[in-house]
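So that the names make sense, note that chain A is the first sequence line, chain B the second, and so on, each numbered from 1. What you see below is based on every heavy atom in this structure, not just the backbone, and it leaves out hydrogens, waters and symmetry mates.
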2 protein chains.
Amino acid sequence: MIAKLQMQLNSALYLRDPQTSDLGQKIVKESIFLIDKIGFESFTFKKLSTQIGSTEASIYRYFENKHRLLVYLISWYWNYVEYRITFETHNISDPEEKLRIAIRLITNQLKDDDSFPGISESVLQQIVINESDKTYLTKNVDEINKEGVFRGYKSLCETIASYMIEINPDFEFPRSLTSTCLEAAHQQVFFAAHLPRLSDIKNAEDVHEQNYQYLSTIIFNSLKK
Amino acid sequence: MIAKLQMQLNSALYLRDPQTSDLGQKIVKESIFLIDKIGFESFTFKKLSTQIGSTEASIYRYFENKHRLLVYLISWYWNYVEYRITFETHNISDPEEKLRIAIRLITNQLKDDDSFPGISESVLQQIVINESDKTYLTKNVDEINKEGVFRGYKSLCETIASYMIEINPDFEFPRSLTSTCLEAAHQQVFFAAHLPRLSDIKNAEDVHEQNYQYLSTIIFNSLKK
DNA sequence: TCAAATATAATAGTAAAACTATCATAACGA
DNA sequence: TCGTTATGATAGTTTTACTATTATATTTGA
């Protein structure tokens with residue numbers, strides 16, 4: 001890697017930008033591991049502070065509460081996915097090919113690399129699978145939505161939906177189909193692992209490849225004229 | 001209504017069957033209103049007990065904790081939907097028609113009737129929209145799944161998937177498509193209301209009709225041979 | 001019908017969660 | 001070096017999520 005990358009995130013996502021300090025980066029890095037390990041419900045700032053040798057009060061200076069921290073992490077993830085889609089579809093004009101690349105990227109198993117030091121992409125992806133819906137399934141969704149914390153997810157949805165519209169301008173549900181598939185992309189992995197009767201994806205085989213096949217099938221069939 | 005109906009639910013869903021006592025029925029009835037009003041996160045047995053003029057300890061005799069109560073309510077809902085599908089598809093042999101009826105029923109706005117006294121179906125449906133995913137998005141999902149608490153949802157999924165298989169035996173993803181659509185059925189209503197850029201469904205118009213059109217489109221297109 | 005079983009209520013108590021506040025000190029930047 | 005800012009240390013509050021005990025009311029069944 002020649003350039004170190006940094007994600008540009010909406011400032012409504014934090015009280016203090018965690019990317020600008022040592023403690024902030026530690027909070028983000030270790031929260032990913034801790035949430036993955038014990039689950040979001042059991043996760044507390046107290047436990048996190050012990051983990052990183054700091055204090056609760058210090059963490060509260062970065063994030064209003066643990067829910068906001070989760071929203072930050074999930075938002076980081078969707079930003080990352082969109083960044084990769086933009087990168088991989090660069091110079092490609094065929095909308096079908098762009099859509100295939102996007103489906104590949106939203107179903108792909110992430111591997112850790114060092115382009116974003118301090119973030120374990122693979123563990124973060126696990127958090128997306130297990131916890132991401134909790135970012136918006138909350139009583140104050142309208143309030144935090146006004147602040148723009150879901151902008152990254154919406155933008156990704158818009159991008160993918162635009163490929164669908166290019167393929168078939170008459171298709172009536174590009175955004176719905178995109179959000180349904182973005183959700184299904186992690187839902188099906190969850191079901192395969194925990195509630196296998198809700199899915200045809202077999203945990204024993206290559207989950208991500210099957211997921212790609214599944215989503216491609218329903219997307220391209222739905223888009224047929 | 002000639003007969004009073006009672007839902008037959010898995011006994012793993014409760015410590016003591018709430019349908020067998022006055023207090024139990026009050027717990028179920030009032031919890032629906034309270035969860036809808038303040039959201040599951042803010043909901044506590046303390047608040048519920050105040051509401052119904054009882055005590056925390058008494059409620060704990062019916063449900064291990066508030067999560068189990070939520071699982072009970074959501075399970076009741078899916079059982080109800082499957083009961084209605086079974087009823088409405090009775091004597092119909094055409095799988096396409098059965099599937100259409102099922103899609104209609106999972107996207108339909110429920111109205112309160114008195115066939116199940118003490119349950120407000122319409123408010124319960126709101127809870128499904130806002131909270132149902134929290135039943136399984138929990139660290140102990142495998143543990144509670146072993147007890148069979150998700151049997152109702154799986155059974156519904158199986159039923160609808162079987163219609164798909166009848167229509168096209170070669171379709172590879174009947175269960176996945178069903179679970180994706182069952183989830184999308186409430187997800188899209190949520191998005192229309194709170195995150196409209198993630199959906200093509202317009203909150204100003206008939207949300208349920210649009211949802212039916214959307215799901216029909218992707219399901220029947222996916223099933224085409 | 002009376003005794004026994006069972007359900008509910010009343011009360012109390014605990015550990016942890018989810019914060020908020022204050023003050024001292026360390027580091028950093030102009 | 002002086003002032004600002006970040007962090008740490010400490011303490012305190014309210015609420016949540018329980019558990020335990022005892023008293024009283026109600027049901028049931030012998």
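- Looking at the side chain of B:Asn65, the nearest of the listed nucleotides C:dA9, D:dC18, D:dG8 is D:dC18.
- In the displayed structure, B:Gln8 atom CD is contacted under 6.0 Å by at most 12 heavy atoms of other residues, nucleotides or ligands.
- Among the protein residues, A:Tyr60 comes within range of the nucleic acid bases, having at least one heavy atom under 4.0 Å from a base atom.
- In this entry the distance linking CG of A:Leu23 with C1' of D:dT7 reads 7 Å, nearest Å.
- Looking at B:Glu56 and B:Lys47, no side-chain N of the basic residue comes within less than 4.0 Å of a carboxylate O on the acidic one, giving no salt bridge.
- Among the heavy atoms of the strands lying under 4.0 Å from A:Thr44 are primed sugar atoms or P, OP1, OP2 only; no base atom is included.
- To the nearest angstrom, P of C:dC19 lies 14 Å from CZ of A:Phe63.
- Atom P of nucleotide C:dA16 and atom CD of A:Glu56 are separated by 13 Å, given to the nearest angstrom.
- A straight line from CD of B:Glu41 to C1' of D:dA17 spans 15 Å, rounded to a whole angstrom.
- Classification of the B:Tyr72-B:Phe63 ring pair by plane angle, with boundaries at 30° and 60°, yields perpendicular.
- The side chain of A:Ala57 lies closest to D:dA9 when the candidates are D:dT7, D:dA20, D:dA9.
- When the nearest nucleotides of DNA chain D are assigned to B:Phe45 and A:Gly53 by heavy-atom distance, the more 5′-ward of the two goes with A:Gly53.
- At a threshold of 4.0 angstrom between heavy atoms, the contacts of A:Lys26 with the nucleic acid are absent.
- B:Ser21 has a side-chain polar atom (N or O) that falls below the 4.0 Å cut-off from OP1 or OP2 of C:dT8.
- A:Arg84 has no carboxylate O lying under 4.0 Å from a charged side-chain N of A:Glu121, or vice versa, which leaves the two without a salt bridge.
- Nucleic acid contact for A:Lys66: sugar-phosphate only, since backbone atoms but no base atoms lie under 4.0 Å from a heavy atom of the residue.
- Phosphate contact (OP1/OP2 of D:dA9, side-chain N/O of A:Thr55, threshold under 4.0 Å): absent.
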Scan the side chains in residues 26-43 of chain B for donor-acceptor partners under 3.5 Å anywhere in the protein, sequence neighbours excluded, and list what turns up.
{"residue": "B:Ser31", "atom": "OG", "partner": "B:Ile27", "partner atom": "O", "Å": "2.9"}
{"residue": "B:Ser31", "atom": "OG", "partner": "B:Val28", "partner atom": "O", "Å": "2.9"}
{"residue": "B:Glu41", "atom": "OE1", "partner": "B:Lys134", "partner atom": "NZ", "Å": "2.9"}

List, with names and distances, any nitrogen or oxygen atoms from the protein found under 3.5 Å away from nitrogen or oxygen atoms belonging to nucleotides 23-30 of chain C.
none

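- Atom-to-atom, NZ of A:Lys47 to P of C:dA18 comes out at 9 Å; the value is rounded to the nearest Å.
- As rounded to whole Å, 9 Å separates atom P of D:dG8 from atom OH of A:Tyr62.
- Separating the CG atom of B:Leu69 from the P atom of D:dA17 is a distance of 12 Å, rounded to the nearest angstrom.
- In this structure, B:Tyr60 and B:Phe45 have perpendicular ring planes: the angle between them is above 60°, well past the 30° mark.
- For B:Arg197, there are no salt bridge (Lys or Arg N to Asp or Glu O under 4.0 Å) partners, not counting sequence neighbours.
- Under a 3.5 Å cut-off, the side chain of A:Thr107 and the backbone N or O of A:Arg104 do form a donor-acceptor pair.
- Rounded to a whole Å, the CG atom of A:Leu15 is 16 Å from the P atom of D:dT5.
- Between B:Ser54 and C:dT8 there is no side-chain polar atom (N or O) within less than 4.0 angstrom of OP1 or OP2.
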